[in-house]
> 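Starting off with a structure, shown below.
Letters A, B, ... mirror the listed sequences (proteins, then strands); counts begin at 1. The basis for the numbers below is simple: all heavy atoms, side chains too, and nothing from hydrogens, waters or symmetry mates.
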Amino acid sequence: MASSIRVRATSNGDITEVQALIQHPMDTGLVKNPAGELIPAHYIQQLKFECNGKDVFVADWGTAVSKDPYVKFSFKGAKKGDDLKISWTDNKGGSDTTTAKIA
Amino acid sequence: MKRSLPLAMLLALGLAPSARAANEADYKAAYAAAEAASKEAAALRNQWTVTVSTMAAAKKAADGGDFDRATAAAQEAEALAKASIFQAASEKEAWKAMEIR
Amino acid sequence: MTTTTGPVATRRLILQGAASVAMLGLGNLPFAATPARAAANDKYPEEAFKQKNEADAIKALYGKTAEPSDKVKLDAPEIAENGGVVPVSVTTTLDKVTSISFFVAENPFALAASYKIADGTIPGVANRLKMAKTSNLVAIVEADGKLYSATKEVKVTVGGCGG
Amino acid sequence: MKTRSALLLGSLSAALVAFALTSPRVIAADKVDPVADAKAFRNFFFQKFPDVKHEDFVNGPYSMNADMKRQWQEKEEFPPYEFALDAGKEMFATPFKNGKTYADCFPNGGIGIRQDYPQFDAKEGKVVTLELALNRCREANGEAPYSYVKDEMASLTAYMAFTSRGKLMDIKIPDDPRALAAFENGKRYFYTRRGQMNFSCASCHVQSPGERIRAEILAPALGILNAMPIYRSEWSGMGTISRRFVTCNSQTRAVPLEPQSDEYRDVEYFLSYVANGLPIAGPGARP
């Protein structure tokens, strides 16, 4: 199955801009399904971006992050072709990881 | 304002006669009338969602034995169905008024 | 009601759901002794995400209070296109930034997201948050150990004409 | 207040224009004239919103409100329909059990043809929409049809729309009385009031585009289907044209018809034809 993480890392000069879109329901645990039962909470808690062995960006998420979450940030110190490792874990122990080349 | 006056009167008329407590027979008659009007509206492919939900409410009230509320709901459903039939008929020509020419 | 849960109904369900779960949450609040103000290390700030209102959440996460600063530029819409997907971003000219967090005051749980900024990472982030209703959106930036904040009100309501 | 008076002025001038136009056309009222209808339809919107670029009408509410447009452009950097698009591309290439694929059912292998749909099928004497053609292709190859309102159909149409992005809508009405009747039937459906709210499609999308219904801005009817299928934050999911028609009906408290029933196919035919010449912008993201 294709990875749940779509990432676009483009570098110009010393700054690499990273955009990530992750396929995840991000259920808050406060919503009822049509049958009236509460849909249990199921959301990504931590998302890590690692480059050249260093965590350049770590996101701690709560239940208020949108479904199919999106995040954008930039960082210095990487160049074209470097590997950017992205991994997330959710409150049910689910996880996924992918590696992208900086374009 | 002018158009909705007859509708309001229609509704009021429907409710007034059942002064004494409605019994199952009243409910059955009211529900049958509502069902006929609702089928006609559906046949004209112009049914309203509120007609369907009011019919369901009528049936639920009847199942619970509350024939007063059931008859009132059935009569309201009939009025709603009749309004949607009126709408379908009047719109046969009325739509041209809005057309961009 | 329509076959699928109409948009209005889901909003109401969310609010009702919030009340019931909140009661539940209080019942088994772990009174673990771990210091609430875990420094911004790798650990997931469980405690902070459990706080209802914004002040407690900030204290649980950072252990200090913030002062508004115009060096923190918070960008969010006047009227949210949809409460489920509100594009929000923050940039700052402050330096030595170690953390950026977003709080939605009126949400069931105020803390929405918190980011650890390594040195060499540009202090700025864009993301999409959920907002239960019209609320103050607060962005907090931790720079050189001090907290700076920016606040903006975002109007949120449902769409459509009823159904 | 400013928009209110602009709206008034707009509808006043439209009424004048309409009045001027009707007199010569009253005689020809019963003869269906799609070309004149389309021209009048487009001019109504071009005059009502003179500073909206013609091709921008396909962006619906975002052509009407700057703040909404900014929120949209931000989302378009990494749009939420990205997953549906990838899923659609994969599904489109996956062969059926009998080895054939969707490409065998469509001209040009199904790539870059969205702007030609819906088409009038002379054999059947009815309008065939893209969603219908996809399901017919599946059934012809022994596969079960997809629901018209669920994600699979949305993913497929999202991919096919993506391959036509930028191409101009190009709907043809053959000189066949049944095709003209279908166009007229679609036009009638568009202007007919329904539901307890007593609204027609035109009540919202012709009389008050740019106005708000609570959080949402109403899209102009011109080019309203060009960005279909759409990812709606409201549904936090993809929606096909069928799903949009069904939900619009329920909003006015009218019981929706079966997806892909004649009325829906004809109104899609009408709305697509009057948008000829405007670019395809699907898949779209909407509130």
> Treating C:T121 as the side-chain partner and A:V56 as the backbone partner, does any N or O pair qualify as donor plus acceptor under 3.5 Å?
yes
> Relative to the ring of C:Y115, is the ring of A:F57 parallel (under 30°), tilted (30 to 60°) or perpendicular (over 60°)?
parallel
> Is the number of heavy atoms from other residues, nucleotides or ligands within 6.0 Å of CG (A:N52) greater than 12?
yes
> Can you name the closest pair of heavy atoms from C:Y44 and A:Q45 and give their distance?
CE1-O, 3.3 Å
> Heavy-atom distance under 4.5 Å to chain A: side chain of C:V104, backbone, both or neither?
neither
> Which atom pair, heavy atoms only, marks the closest approach of A:V65 to C:K130?
O-CE, 3.2 Å
> Tell me, out of C:T91, C:N127, C:L129, who's got the most heavy-atom pairs with chain A below 4.5 Å.
C:L129
> A:Y43 versus chain C, heavy atoms under 4.5 Å apart: side chain, backbone, both or neither?
side chain
> So what's closer than 4.5 Å to chain A heavy atoms on C:V86: side chain, backbone, both or neither?
backbone
> Verify the neighbour count for atom CD of C:E78: are there more than 12 heavy atoms of other residues, nucleotides or ligands below 6.0 Å?
no
> Answer with side chain, backbone, both or neither: which region of A:L21 has an atom nearer than 4.5 Å to a non-hydrogen atom of chain C?
side chain
> Looking only at non-hydrogen atoms, find the nearest pair between C:N107 and A:A64 and report the distance.
ND2-CB, 3.5 Å
> Taking side chain to side chain contact (heavy atoms under 4.5 Å, CB included) as the criterion, tell me which of C:K116, C:K43, C:E46 meets it with A:D60.
C:K116
> Could you state the interatomic distance from CD1 (C:I122) to OG1 (A:T16), rounded to the nearest 0.5 Å?
9.0 Å
> With a cut-off of 6.0 Å (strictly less than), are more than 12 heavy atoms of other residues, nucleotides or ligands near NZ of A:K76?
no
> For C:P108 and A:L30, which heavy atoms make the closest approach, and how far apart are they?
CG-CD1, 3.5 Å
> Is it the side chain or the backbone of A:L47 that comes within 4.5 Å of chain C heavy atoms, both, or neither?
neither
> Quick check for you: among C:S114, C:S89, C:A113, which has the greatest number of heavy-atom pairs under 4.5 Å with chain A?
C:S114
> Non-hydrogen atoms of chain C under 4.5 Å away: do they reach the side chain of A:K54, the backbone, both or neither?
side chain
